[in-house]
Undergrad: 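Have a look at this one before I ask anything.
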Amino acid sequence: MTGAATRGLMVALLIATPALLLPGVASDSTQITVLVAFLAAFLTFVEYNSSFPSIVEFRDAPPFNRLRFASLAVTVLLLSLILKGQTESSLLTSGLTSLGLIIGNASDFPFSPVRLVVLMLPADADAALVSSVRTAAGIAYFVSLIAMTAFFVLVRVMGWPARQGAFNVWVNLPLFDPTTGGDVVERLQRDARINIVLGFLLPFVIPAVVKATADLIDPISLQNPQTVIWTLSAWAFLPASMIMRGIAMGRVAEMIGEKRRRTYASAEAEDGFQAA
């Protein structure tokens with residue numbers, strides 16, 4: 001219960017971070033933020049305090065969810081501090097802004113995800129807004145790349161999740177039904193490939209879709225700092241999370257395949273011994 005309560009508190013703090021750090025947040029926005037934070041904290045507590053799985057995948061296979069949460073929390077915190085520095089400058093916010101400018105300018109090359117986010121803005125957008133969005137997008141995408149690289153190393157070098165002991169598919173993949181469809185390994189491998197491909201394409205597709213539909217519907221306004229934080233955090237986090245999920249499912253399929261081969265080899269050895 002203590003661990004579930006701690007996780008719920010951390011999720012609530014994550015959601016409230018922009019409202020706590022940014023100056024001049026409207027009272028209505030603060031009330032909505034508090035409501036969403038309490039709701040998310042309650043759902044997280046119920047999920048992790050239950051003995052039965054519901055919707056959270058890899059719940060008992062740390063540090064998969066911890067790494068995803070950390071990447072999102074770092075992204076939200078950094079973007080909040082950078083945007084806070086536009087009105088209340090400090091040594092910390094100035095340093096983060098300088099770092100973000102370097103990363104944003106370095107990643108703003110033709111056909112890059114950051115360039116597509118910048119092109120998503122209206123043609124008459126203010127230069128300061130363009131620079132702010134470029135900086136935020138560069139930071140968010142950079143953090144997501146670090147999270148994906150760390151998880152890849154965790155899987156391929158440190159042997160996740162085998163080093164944690166037995167892996168329970170029902171608990172860690174509650175939305176995956178192994179009794180339906182074809183072979184479990186093939187289905188896991190197919191889902192892994194789909195997640196990785198979608199995760200790779202989404203940072204390019206989302207800005208293009210927003211730009212293409214700007215004439216039909218009201219485009220997302222990035223004038224509000226909280227809108228910038230949550231839009232760009234989701235733009236970077238969701239694709240990275242899908243790629244990490246694909247890597248994890250591919251690893252689970254690999255583990256099941258290895259266990260099958262060991263079982264078959266043991267059975268053949270036993271049959272050969274009995275025949276002898």
Side-chain angles (χ1 to χ4, degrees), residues 1-21 30-81 140 143-178 188 191-192 195 199 229-230 233-234 236-256:
M1 182 178 294
T2 303
T6 302
R7 288 180 173 88
L9 180 61
M10 294 179 66
V11 170
L13 183 61
L14 166 63
I15 295 175
T17 295
L20 293 174
L21 293 180
T30 302
Q31 293 173 3
I32 294 174
T33 301
V34 171
L35 178 62
V36 174
F38 273 117
L39 179 60
F42 174 75
L43 293 177
T44 303
F45 173 79
V46 170
E47 172 68 28
Y48 278 91
N49 193 46
S50 174
S51 302
F52 303 98
S54 59
I55 58 174
V56 176
E57 295 184 328
F58 301 102
R59 193 182 70 181
D60 290 343
F64 179 79
N65 289 323
R66 298 174 188 176
L67 184 59
R68 292 199 300 176
F69 175 83
S71 66
L72 180 59
V74 169
T75 301
V76 171
L77 178 61
L78 291 179
L79 297 190
S80 299
L81 290 173
V143 172
S144 69
L145 289 178
I146 292 178
M148 288 187 294
T149 303
F151 184 67
F152 182 81
V153 172
L154 190 68
V155 171
R156 294 302 172 187
V157 177
M158 303 183 67
W160 179 94
R163 65 193 185 99
Q164 302 293 334
F167 183 85
N168 191 317
V169 176
W170 176 61
V171 173
N172 292 294
L173 292 174
L175 303 180
F176 180 81
D177 187 359
L188 286 171
D191 292 348
N195 277 271
I229 292 171
W230 289 116
S233 296
F237 171 75
L238 293 178
S241 181
M242 293 186 67
I243 292 177
M244 292 169 63
R245 182 177 185 268
I247 295 174
M249 297 186 75
R251 173 58 178 160
V252 173
E254 182 181 325
M255 290 173 59
I256 295 175

Undergrad: Considering only heavy atoms from C-beta outward, does the side chain of Leu77 approach that of Leu81 to under 4.5 Å?
TA: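 When only atoms from C-beta onward are counted, Leu81 and Leu77 do touch, with a gap below 4.5 Å.
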
Undergrad: Quickly, which of Thr6, Leu13, Leu14 forms a side chain to side chain contact (heavy atoms under 4.5 Å, CB included) with Met10? Name it, please.
TA: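 One option only clears the test, and that one is Thr6.
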
Undergrad: Suppose we screen for side chain to side chain contact (heavy atoms under 4.5 Å, CB included). Which residues come up paired with Ala41, at least two apart in sequence or across chains?
TA: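 Result, side chain to side chain contact (heavy atoms under 4.5 Å, CB included) vs Ala41: Ala12.
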
Undergrad: Can you tell me how far CG of Leu79 sits from OG1 of Thr17, rounded to the nearest 0.5 angstrom?
TA: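 The CG atom of Leu79 is 11.5 Å from OG1 of Thr17, to the nearest 0.5 Å.
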
Undergrad: Going by side-chain hydrogen bond (donor to acceptor under 3.5 Å, both in side chains), name the residues that satisfy it together with Ser241, two or more places apart in sequence or in a different chain.
TA: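 Per chain and number, Ser241 pairs via side-chain hydrogen bond (donor to acceptor under 3.5 Å, both in side chains) with Arg68.
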
Undergrad: Filter on salt bridge (charged side-chain N to carboxylate O under 4.0 Å, His left out), then keep only pairs touching residues 145-162, sequence neighbours left out; what's left?
TA: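 Qualifying pairs: Arg156-Glu254.
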
Undergrad: Does Pro62 offer a backbone N or O that forms a donor-acceptor pair with the side chain of Trp160 under 3.5 Å?
TA: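 Side chain of Trp160 to backbone of Pro62: a pair is present.
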
Undergrad: With sequence neighbours left out, what residues match Ala4 under side chain to side chain contact (heavy atoms under 4.5 Å, CB included)?
TA: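 Ala4 satisfies side chain to side chain contact (heavy atoms under 4.5 Å, CB included) with Phe45, Tyr48, Asn49 only.
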
Undergrad: Supply the atom-to-atom distance Leu39 CG to Leu35 CG, rounded to the nearest 0.5 angstrom.
TA: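 Spacing of CG (Leu39) from CG (Leu35) equals 6.5 Å.
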
Undergrad: Among all residues two or more places apart in sequence or in another chain, which pass the side chain to side chain contact (heavy atoms under 4.5 Å, CB included) test with Met242?
TA: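 Listed in chain order: Asn195, Leu198, Leu202.
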
Undergrad: Taking all atoms of both residues into account, what is the closest heavy-atom pair of Leu188 and Leu173, and its distance?
TA: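 Looking at all heavy atoms of both residues, the shortest contact is CD2-CD1, 4.1 Å.
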
Undergrad: Classify the ring geometry between Phe64 and Phe58 as parallel (under 30°), tilted (30 to 60°) or perpendicular (over 60°).
TA: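 Phe64 and Phe58: tilted rings.
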
Undergrad: I'd like to check the ring-ring contact (aromatic ring centres under 6.0 Å, His included) partners of Phe237; sequence neighbours left out, ordered by chain and number.
TA: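 So Phe237 forms no ring-ring contact (aromatic ring centres under 6.0 Å, His included) with any residue.
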
Undergrad: Strictly by side-chain hydrogen bond (donor to acceptor under 3.5 Å, both in side chains), give each pair with a member in residues 33-46 just once, sequence neighbours left out.
TA: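 Residue pairs with at least one partner in residues 33-46: there are none.
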
Undergrad: Which residues pass the salt bridge (charged side-chain N to carboxylate O under 4.0 Å, His left out) test with Arg245, not counting sequence neighbours?
TA: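 Residues passing salt bridge (charged side-chain N to carboxylate O under 4.0 Å, His left out) with Arg245: Glu57.
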
Undergrad: Taking side chain to side chain contact (heavy atoms under 4.5 Å, CB included) as the definition, give me every residue that meets it alongside Ala240, ordered by chain and number, with sequence neighbours left out.
TA: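 Only Ser144, Met148 meet the side chain to side chain contact (heavy atoms under 4.5 Å, CB included) criterion with Ala240.
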
Undergrad: Between Met244 and Leu67, which heavy-atom pair has the shortest distance, and what is it?
TA: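 Met244 and Leu67 have their closest heavy atoms at CE-CD2, 3.8 Å.
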
Undergrad: Can Ser233 and Leu72 be said to form a side-chain contact (heavy atoms from CB on, under 4.5 Å), step by step?
TA: CA-CA 7 Å; Ser233 296; Leu72 180 59; 4.1 Å; yes

Undergrad: Evaluate the side-chain proximity of Val76 to Ile15: yes if any heavy-atom separation is below 4.5 Å, no if none is.
TA: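 Not touching, per the 4.5 Å side-chain cut-off.
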
Undergrad: Rounded to the nearest 0.5 Å, what separates atom CG in Leu43 from atom CD1 in Ile55?
TA: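 Leu43 atom CG to Ile55 atom CD1 measures 7.0 Å (nearest 0.5 Å).
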
Undergrad: Ignoring hydrogens and geometry, is there a side-chain-to-backbone donor-acceptor pair from Ser50 to Val46 under 3.5 Å?
TA: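 The answer is no, because no donor-acceptor pair under 3.5 Å joins these two groups.
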
Undergrad: Of all heavy-atom pairs between Ala61 and Pro161, which one has the smallest distance, and what is that distance?
TA: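 Distance-wise, the nearest heavy atoms are CB-CB, 4.4 Å.
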
